[in-house]
Each structure stands twice: as C-alpha cells, then as structure tokens.
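Along the sequence shown, residues are numbered consecutively beginning with 1.
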Amino acid sequence: MTHTNPSHDMPMAVFPGYLAGPGEDLDTLFAFSAGRDDWLLTVEDNNLVACHESGTGTVILDLTTDSTSPRWTVASGRSRSSELAWRATFDAATPAEVVMAAARRLAHGTGQPTHAEREQHLWSRTSHAGTFDALHVEAALAHWSAGTRCCTPTLDAPDGTATLRIHRAATATGDACDLAYTLTAGARGHEATWWTGEFSRNVPTSVIRATLRTVTDPGRYTRRASRIPMLHRAALRTHPVARCPEPTLGR
C-alpha cells in the first residue's frame with residue numbers, strides 16, 4: 001500500500017477507524033455532552049465526568065497520567081449513591097470514537113421516556129447467554145472466527161487486528177461487575193500495544209454490541225497525520241480531509 005507524506009499536522013481521514021489512534025479525547029467528551037441538557041459535565045477527583053441528571057449514567061475521562069488506571073469508564077447505577085450496576089472501561093490507547101459508541105448507547109437508555117423503558121435499556125437482559133449469542137451473531141456477520149487463547153474462548157477478526165475474549169463470568173453467576181468480555185485491537189504481531197476495552201457481566205447487550213460494531217463494521221475517523229500510530233499505517237487507508245475552498249473575491 002502506498003502512502004503519501006502529508007504535512008505534519010494535516011487532518012487525515014483514516015480507515016478503519018479503530019486503528020486510527022486515540023484521537024482528541026477532551027474534545028470528544030465535550031461534544032458528547034453538548035446538546036444533551038440532561039447530562040452535566042463536571043470535574044471530580046481529577047476526572048472529567050459527564051453525568052446524567054438522574055445519576056443513572058456516567059461517562060468518566062481520567063485526567064491523570066496514571067497508566068495503571070482506565071482512561072475511560074462508561075457506567076450505570078440506579079442512583080448517585082448506589083454502587084455501579086455495570087461498567088465498561090477503556091485504556092488510553094482506545095480511539096475516543098469507540099468509547100463514544102458505548103456512551104451514546106448509555107445516553108439512549110437514560111433518555112427513554114418511561115421508567116420501564118429505562119430499566120430495560122440500562123439493566124434488564126433476557127439472560128447473560130443472550131448477550132453471548134448476540135455478540136457471536138455480530139462477529140459472524142463480519143466473518144470473524146471462533147478460537148481459544150490461554151484457555152479463554154475468543155472471536156477473532158479475519159485480518160488478525162482485533163479479538164473479543166469471552167471470560168467465564170459472561171455466562172456464569174457472580175458479581176455484576178465481574179469481567180465478562182475484553183475487546184482488543186491493534187497492529188498484527190504487536191499485541192502488547194493493542195488498545196483494550198473491558199466489560200462487566202451486567203453491561204447491557206446493546207452497549208457491548210455497539211462497541212463491537214465499531215470494529216466489525218468500522219467507520220472513518222479523522223486524525224492529524226502525526227497522531228496516527230506508525231505501527232498501524234500498513235493496515236490503513238488514509239487521505240487528506242477535503243477542505244472548503246477559499247472564497248473567491250469579486251472583481
């Protein structure tokens with residue numbers, strides 16, 4: 001694949017987006033909260049937090065540089081004072097757009113008009129096996145294959161750039177926040193550098209599926225040329241973002 005050598009800061013359209021790099025996380029979180037009057041953006045304990053007014057949904061951006069902590073948390077609880085009913089966490093290497101796919105599904109749930117509909121979207125699932133089956137269907141549509149890695153069942157992208165690991169907690173009883181699924185993606189042969197999203201066993205099916213779909217049915221994300229991971233470039237298609245023409249001055 002031939003790549004041009006664009007100027008250092010030129011905005012580029014990158015496909016597949018899930019290999020485009022983290023992006024502008026602050027701008028993305030501001031954009032998420034903008035226009036959503038039922039979400040409040042605040043700073044709490046060095047975190048930038050978008051919180052639903054009911055307290056039943058949060059999107060947290062970790063502003064610290066502690067690499068041992070998740071960069072992002074998308075979560076839901078029944079009230080501000082209650083423990084989390086479920087959570088999904090993402091590391092600093094995860095594209096912000098991937099995180100926002102989960103956040104938008106959470107916002108969709110909190111925005112339902114009735115209590116019963118909110119319950120259904122935010123917590124209720126027919127069964128944990130139902131999520132397991134739904135993710136298998138989603139992956140199969142993209143021709144992912146089933147495998148095993150370190151005794152853990154996996155669903156693997158055909159080009160080797162993404163994997164969904166299915167932990168035993170996905171179908172067994174246990175704590176609501178037990179780890180159930182791990183979605184990772186990156187350059188083939190460089191798995192140690194892959195971005196990672198982790199989902200607890202009570203994360204609604206729609207939230208996990210929306211996140212998985214950013215990989216099985218990827219979009220194009222915009223990145224500055226200097227922000228595109230070098231390891232990923234051989235697997236990407238890139239082109240400069242079209243700019244609006246300069247206005248023509250009248251004679």
Side-chain angles (χ1 to χ4, degrees), residues 1-36 41 48 50 59 61-62 70-72 74 88 90-108 138-139 141-144 155-164 183-197 206-248:
M1 184 180 298
T2 302
H3 295 279
T4 59
N5 185 23
S7 61
H8 190 66
D9 267 343
M10 179 177 289
M12 306 291 290
V14 182
F15 179 86
Y18 69 89
L19 296 179
E24 302 298 330
D25 46 15
L26 284 172
D27 292 346
T28 302
L29 189 55
F30 279 117
F32 168 80
S33 60
R36 288 188 167 95
L41 199 60
L48 185 62
V59 180
L61 173 61
D62 183 359
R71 179 66 168 171
W72 297 91
V74 179
F90 303 86
D91 65 12
T94 306
E97 295 88 345
V98 172
V99 181
M100 288 301 107
R104 286 193 299 271
R105 290 307 304 179
L106 172 58
H108 176 71
E138 188 70 36
L141 290 173
H143 307 293
W144 287 34
L155 297 170
D156 303 306
D159 64 356
T161 62
T163 295
L164 180 71
L183 179 64
T184 60
R188 186 169 51 193
H190 298 273
E191 284 77 2
T193 68
W194 285 19
W195 61 258
T196 300
S206 62
V207 171
I208 306 178
R209 187 165 52 196
T211 311
L212 178 61
R213 195 166 291 171
T214 66
V215 182
T216 60
D217 186 18
R220 287 172 171 79
Y221 301 161
T222 299
R223 295 289 186 270
R224 294 287 180 181
S226 60
R227 300 291 299 276
I228 301 171
M230 187 64 67
L231 285 173
H232 296 178
R233 296 194 179 206
L236 297 173
R237 297 201 296 272
T238 64
H239 61 82
V241 173
R243 297 181 178 179
C244 296
E246 295 293 331
T248 303

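The backbone N or O of Ala210 lies less than 3.5 Å from no partner atom in the side chain of Thr214, so there is not a single donor-acceptor pair. Proximity of a side-chain donor or acceptor of Trp194 to a complementary backbone N or O of Ala187 within less than 3.5 Å is detected. A donor-acceptor pair under 3.5 Å is absent between the side-chain atoms of Arg223 and the main chain of Val14, judged by distance alone.
The two atoms that bring Ala139 and Leu155 nearest to each other are CB-CD1, 3.8 Å, heavy atoms only. Of all non-hydrogen atoms in Ala50 and Leu29, the two that sit nearest each other are CB-CD1, 4.1 Å. Pairing each heavy atom of Val215 with each of Trp144, the nearest pair is CG1-CZ2, 3.6 Å. Scanning both residues, Tyr221 and Tyr18, for their nearest heavy atoms gives CE1-N, 3.8 Å. Phe32 and Val59 make their closest contact through CE2-CG2, 3.9 Å (heavy atoms, listed as atom of the first residue, atom of the second, distance). Taking both residues in full, the closest heavy atoms of Leu19 and Pro229 are given as O-CD, 3.9 Å, listed atom of the first, atom of the second, then distance.
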Side chain to side chain contact (heavy atoms under 4.5 Å, CB included) evaluation trace for His232 with His190
CA-CA 10 Å; His232 296 178; His190 298 273; over 6 Å; no
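Between Leu141 and Thr216 the shortest side-chain heavy-atom distance does not fall below 4.5 Å. Between Met100 and Trp72 there is a side-chain heavy-atom pair separated by less than 4.5 Å. Side-chain contact between Thr222 and Met12: absent, with no pair of heavy atoms (C-beta onward) separated by less than 4.5 Å.
With 3.5 Å as the limit, one finds a donor-acceptor pair spanning the side chains of Asp91 and Thr94.
Rounding to the nearest 0.5 Å places CZ of Arg220 at 11.5 Å from CG of Leu236. Atom OG1 of Thr163 is separated from atom CG of Asp156 by 4.0 Å, given to the nearest 0.5 angstrom. We find the CD1-CZ distance between Ile208 and Arg105 to be 12.5 Å, quoted to the nearest 0.5 Å.
In this structure, the ring-ring contact (aromatic ring centres under 6.0 Å, His included) partners of Phe90, at least two apart in sequence or on a different chain, are Phe199. Contacts of Glu191 classified as side-chain hydrogen bond (donor to acceptor under 3.5 Å, both in side chains), with partners at least two apart in sequence or in another chain: none.
Atom CZ of Arg36 is surrounded by more than 12 heavy atoms from other residues, nucleotides or ligands within 6.0 Å.
Salt bridge Arg227/Glu24: present, at least one basic N to carboxylate O contact under 4.0 Å.
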